[in-house]
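One-based numbering, in listed order, for ligands and for the atoms of each.
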Amino acid sequence: MSTPFYQINSQEAYDKAYQNSTQNPEMFWESIAETFKWKKRWTQVLESDFIKPDVKWFVNGELNITENCIDRHLENQGNKTAIIWEPNNPNDEVRSYSYAELAKEVNKFSNILKENGITKGDRVCIYLPMIPEAAFAMLACARVGAIHSVVFAGFSAKALSDRIIDAEAKMVITSDGLVRGTKKLLLRNIVADAVQNCPSIQTVLTVKHTGDNVNTNHLDVWYHEAYEKASEAFEAETMNSEDELFILYTSGSTGKPKGVVHTTGGYMVYADYSFRNVFQYEGDDVFWCTADVGWITGHSYIVYGPLLAGSTCVMFEGIPTYPEPDRFWQVVEKHKVNQFYTAPTAIRALMACGDHHADKYEMDSLKVIGSVGEPINEEAWNWYNEKIGRGKAALVDTWWQTETGGIMISNLGKIGIHKATHAGLPLPGIQPVLLTAEGKLIEENNQEGLLAVKFPWPSMIRTTWGDHERCRQVYFSAFENHYFTGDGAKRDENGLYRIIGRVDDVINVSGHRLGTAEVENAINEHPQVIESAVVGYPHDIKGQGIYAYVICSETARKDDAMRKEMEAIVSDVIGRIAKPDKIQFVTGLPKTRSGKIMRRILRKIADGTSDSLGDVSTLLDPSVVDSIIEGKV
Ligand code: WTA
């Protein structure tokens, strides 16, 4: 594989690229976009309005992203391995696909979609385990021009149906079952519950994976049956650069999850560019990202980024602790992984299981190890760096979001100052700023502020599905002419960014974003709950845990059985990831005179710092605070 000119491989190259990217951003991005396969060249690089917002990249360009992920590699590296699939059970067979085999699988899948009525612009929901068919399904959607909406297979039937309804998806692609560690879930049965309320669904396409008996009905098409008949040739649909590529639902601080929309051309350019640079991918390296395809990390760094770059990528079905807490390191050794990318929550969980699990393995193939999804605390950073990186692999702490499409702030492999808990400098092309709450630019270093971005980048969010106003309001209204991230950050004396965390009512549990309002709404569905307030609190493994304060009716039992009922409702409405870690029964909540819950106070009580509550005199009833502190669980 030849290394393209935009792979930045030294500090000097970084400095120069950064300078070019700010002096003439359009020229910078155009020169990168030129290296891809387009069906028609763009007439203008960028059209941008952050007020509406309305951002377009590579205007009027035409392409199909899968021709860039697959077809363009066939001539020179058709036999190179594209995907190595490592099953949940280490004794089961590994499945590998070369780029030529990937082409065949995706073409067949595309034909199956087409035969079942899927055409350009249709929405297809993907609810699959971490099996190669998940990647094929995403790519097949892109190849026929359908918009995929992947829903993490840990979400409940209710959460799935909400997402299907919002996107008006025509098809859902699932499997009979899923295995993770020793747990099994019959996904097709969950889909059966979900689609009862989804009139838009015309087909349920089911991949046979675990071989379990599942409920099927007139909507069903079995993938393996359709596969037998499907042709191996498929002409990729022509897409406009700004045609939607996918929707990915993510939580915000209010109401229901929103469908973040990414479009084709810009997302492609940035996924490839950020992948190559952050991970310094070269030659026949083997890259492994442990995320699930249900999250943005899986989209950009299991499927699109690695395949665009023509890399070899590991896809893992299982969990880090099965059958033993050495599974990650065993797989690194087995497939000679060169770049490894995971989440702080996994690092902390493995760290707690003892060093001997990692010490058993040489892991000398590792060159870059990455972290994503939540702030990585110093202890976990040091452990990851020493026990896994061993002074040889560079640790990259990558900051980004579903909305940004790709990594925004990070060291590029060994390039940059590697300082615990600091993500580092922005990638060339990215212009972050720190602002005060009043929107004043903070120019000095050694300051803390709200993190925003002042110039568009190719893979930024375009809209929220079906509700453009929400996109404007959430991301573009807080500070004029800026994209607001919702994160707070600090810049050190060298300009390195340290991400502090969310400043809105979003909590990050094991790297999964959840809105406090979403969890509250679920708890409130319990018939004996009058009101609830949910906050995050520091949790040793998960980063943040969920602490729920609940007011129940007088007749309610207020015991563990009642807690279990509320947990069950949350699992049903959202999924197990949203189950509260602690539930405290309270008789009142700290509210201002205008009825707003003072979450600041609840957060302090939950994290055990209630001795520094500050002024509570503006509360409607300051005495509730003492009674909540007394009842802390
Ligand atoms: C947080 C995940 C600290 C942040 C790619 C952001 C991080 C949210 C980091 C996005 C990091 C992500 N350090 N915090 N390296 N990476 N975050 O949309 O609060 O699932 O706003 O995207 O995760 O979560 P999302």
Check against side-chain hydrogen bond (donor to acceptor under 3.5 Å, both in side chains), Tyr341 and Thr297: CA-CA 10 Å; Tyr341 193 30; Thr297 309; 5.4 Å; no
Hey, looking at atom 1 (C) of ligand 1, which of Ala343, Gly373, Gly486 has the closest heavy atom? Gly373
Provide the number and element of each atom of ligand 1 under 4.0 Å from a heavy atom of Ile296. 5 (C), 22 (O)
Quick one: does Leu425's side chain get under 4.5 Å of Tyr14's, heavy atoms only? yes
Can you find an N or O of Glu403 that's nearer than 3.5 Å to an N or O of ligand 1? no
Hey, is Ala423 one of the residues with a heavy atom under 4.0 angstrom from ligand 1? no
Are Phe340 and Trp329 an aromatic pair by the rule of ring centers under 6.0 Å? yes
Val372 neighbourhood, listing ligand 1 atoms whose heavy-atom distance to it stays under 4.0 Å: 5 (C)
Which residue and heavy atom of the protein sit nearest atom 3 (C) of ligand 1, plus the separation: Pro375 N, 3.1 Å
Can you list the atoms of ligand 1 that are under 4.0 Å from a heavy atom of Thr398? 9 (C), 11 (C), 15 (N), 16 (N)
Hydrogens and angles aside, do Thr402 and Tyr249 bring a side-chain donor and acceptor to less than 3.5 Å of each other? no
So, do Tyr547 and Ile507 sit near enough that their side-chain heavy atoms are less than 4.5 Å apart? no
Under a 4.0 angstrom heavy-atom cut-off, which atoms of ligand 1 come close to Asp397? 11 (C), 13 (N), 15 (N)
Indicate whether any N or O donor in one side chain lies under 3.5 Å from an N or O acceptor in the other, for Glu520 and Ser532. no
We want to know whether Tyr384 and Thr342 form a side-chain donor-acceptor pair, criterion being a heavy-atom distance below 3.5 angstrom. no
May I ask you to identify, for Gln401, whether its side chain, its backbone, both or neither come under 4.0 Å of ligand 1 on a heavy-atom basis? both
Starting from atom 13 (N) of ligand 1, what is the nearest protein heavy atom, named by residue and atom, and what distance separates them? Glu374 O, 3.4 Å
Within 4.0 Å of some non-hydrogen atom of Asp487, the atoms of ligand 1 are 4 (C), 6 (C), 19 (O), 21 (O)
Tell me the protein heavy atom at minimum distance from atom 24 (O) of ligand 1, and give that distance in Å. Arg513 CD, 3.2 Å
Between Ser274 and Tyr301, a side-chain donor and acceptor under 3.5 Å: yes
Of all the atoms in ligand 1, which lie at a distance below 4.0 Å from a heavy atom belonging to Trp400? 2 (C), 5 (C), 6 (C), 10 (C), 12 (C), 16 (N), 22 (O)
Below 3.5 angstrom, do we get any N/O pair linking Asn508 and ligand 1? yes
Asp272 and its side-chain hydrogen bond (donor to acceptor under 3.5 Å, both in side chains) partner, picked from Tyr6, Tyr304, Tyr281: Tyr6
Does any N or O atom in Gly511 lie less than 3.5 angstrom from one in ligand 1, N or O only? no
Quick check: Tyr273 with Trp457 (ring centres under 6.0 Å apart)? no
Could you tell me whether Thr402 and ligand 1 have an N or O pair separated by under 3.5 Å? yes
